[in-house]
S.K.: 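Following this message is one structure expressed as structure tokens.
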Amino acid sequence: MKSFRKELSFNTKTRRAYINITRQVRQAIDESGIKEGFVLVNAMHITASVFINDDEAGLHQDFERWLERLAPEKPHSQYMHNGFEDNADAHLKRQVMGREVVVAITEGQLDFGPWEQIFYGEFDGKRTKRVLIKIIGE
Ligand code: ZN
């Protein structure tokens with residue numbers, strides 16, 4: 001069995017962002033040389049997510065509105081967590097959108113269902129944050 005590890009880094013200009021990282025994951029699979037196995041992709045921060053869904057701009061606006069209804073950023077004072085920080089909403093949004101995804105690799109390709117794409121969801125950006133890609137297989 002082979003294993004391969006790689007980190008991606010992001011520094012978004014906005015507090016929240018949704019970034020399609022499918023191309024970078026495919027590139028990591030190519031670099032690994034692994035043809036049959038699994039790829040794990042996870043956010044390395046507790047205020048960001050990695051998730052799978054459709055690459056459709058309207059849906060991303062819907063995520064944004066839905067998450068803001070569930071856990072509005074402001075007023076910051078509404079959250080117990082916001083003493084020294086102002087990112088309680090980002091922790092809650094990350095919890096809803098998830099930490100990681102695992103995708104099968106078959107014949108060297110992501111074994112996706114229809115329209116599946118991998119996204120990095122940033123909820124407390126404007127600083128450098130990382131995503132881990134770990135691939136195991138042969
Ligand atoms: Zn915090």
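When a ligand or atom number is given, it counts from 1 through the structure's own listing order. This chain uses plain numbering: 1 for the first residue, then up along the sequence.
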S.K.: Any pair with a residue in residues 81-104 that passes salt bridge (charged side-chain N to carboxylate O under 4.0 Å, His left out), sequence neighbours left out, goes on the list, sorted by first then second residue, please.
M.R.: Arg15-Asp86, Arg15-Asp89, Arg16-Asp89, Glu68-Lys93, Asp89-Lys93
S.K.: Would you check if the Zn ion (ligand 1) lies under 2.8 Å from any N, O or S atom of Asn87?
M.R.: yes
S.K.: Considering the options Val131, Val25, Asn42, which one meets the side chain to side chain contact (heavy atoms under 4.5 Å, CB included) requirement together with Val50?
M.R.: Val131
S.K.: Tell me whether Ile21 is reachable from Phe119 by hopping between hydrophobic residues (I, L, V, M, F, W, Y) whose side-chain heavy atoms are closer than 4.5 Å.
M.R.: no
S.K.: Specify whether an N/O/S atom of Asp124 falls short of 2.8 Å from the Zn ion (ligand 1).
M.R.: no
S.K.: Can a donor-acceptor pair be found between the side chains of His81 and Asn87 at a distance below 3.5 Å?
M.R.: yes
S.K.: Only to 10 degrees, please: what angle do the OE1 atom of Glu85 and the NE2 atom of His81 make about the Zn ion (ligand 1)?
M.R.: 80°
